[in-house]
Amino acid sequence: MTAGVNFQRIWQTIALIPAGKVASYGQIADLAGLPGRARLVGKALGQVPDGMQLPWYRVLRSNGQLAFPKGSEQAKQQTGLLQEDNIVVFNNRVKLKEFKWQPDLAEILWKLTF
DNA sequence: GGTGTGACAACAA
DNA sequence: TTTGTTGCCACAC
């Protein structure tokens, strides 16, 4: 197993998040076939190659809170991007009950082609 | 090949 | 609801 393939799977999984929905780090990890490796997802996002178009802003913490501190530029930008996707961000948070992505496993497996 | 690290999750108060 | 602590383990150096 070459190191780095997991990152690719993570990126692919994130790319599958539909507009108007969000997913948690743990969820991404799980779908990518890496249960419990939520932190790896975070690291993968920090290693995203320049030029790769990835809806990183649709990835939140398990409780719906943004991954960044409220005052940070990243948080502001993420908030803006989410709002463009018709997702309501309130006080650095998203209502998971409404916007959490309900993954279609069959489709995921189809697209990831394990 | 040991050490430090991390855009986290779960639990406790 | 928020903050602090702990566990987790692949990855980069």
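Residue numbers start from 1 in every chain, and the chains themselves are labelled A, B, ... in the order their sequence lines are given, proteins ahead of strands.
- The interatomic distance linking Asn6(A) (CG) with dC11(C) (C1') rounds to 10 Å, in whole Å.
- Lys70(A) has its NZ atom 14 Å from the C1' atom of dT1(C), to the nearest Å.
- Applying a 4.0 Å cut-off to non-hydrogen atoms, none of the residues of residues 92-99 of chain A approaches DNA chain B.
- Within the structure, no pair that satisfies the salt bridge (charged side-chain N to carboxylate O under 4.0 Å, His left out) test touches residues 94-103 of chain A, not counting sequence neighbours.
- With sequence neighbours excluded, the residues forming a salt bridge (Lys or Arg N to Asp or Glu O under 4.0 Å) with Arg58(A) are Asp85(A), listed by chain and number.
- Sorted pairs that involve residues 24-39 of chain A and meet side chain to side chain donor-acceptor pair (under 3.5 Å), not counting sequence neighbours, are lacking altogether.
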Subject >> DNA chain B base-pair string [pairs: Watson-Crick or G-U under 3.5 Å; |: paired with another strand] >> reply: .|||||.||||||
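- Atom CG of Asn63(A) sits in a crowded spot, with more than 12 heavy atoms from other residues, nucleotides or ligands closer than 6.0 Å.
- Contact check for Gln77(A) versus Phe68(A): no side-chain heavy atoms found under the 4.5 Å cut-off.
- With values rounded to the nearest 0.5 angstrom, Asn86(A) atom CG is found 11.0 Å from Lys21(A) atom NZ.
- Between the CG atom in Leu34(A) and the CD1 atom in Ile10(A) there is a gap of 5.5 Å [rounded to 0.5 Å].
- Not counting sequence neighbours, the partners of Asn91(A) by the side chain to side chain contact (heavy atoms under 4.5 Å, CB included) test are Lys70(A).
- Judged as a side chain to side chain contact (heavy atoms under 4.5 Å, CB included), and not counting sequence neighbours, the contacts of Pro49(A) are Trp11(A), Met52(A).
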Subject >> Contact pattern, 5' to 3', of nucleotides 7-13 of chain B - B, S or - by protein heavy atom under 4.0 Å >> reply: BBSS---
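- The CZ atom of Phe7(A) sits 7.0 Å away from atom NZ of Lys43(A), with the distance rounded to the nearest 0.5 Å.
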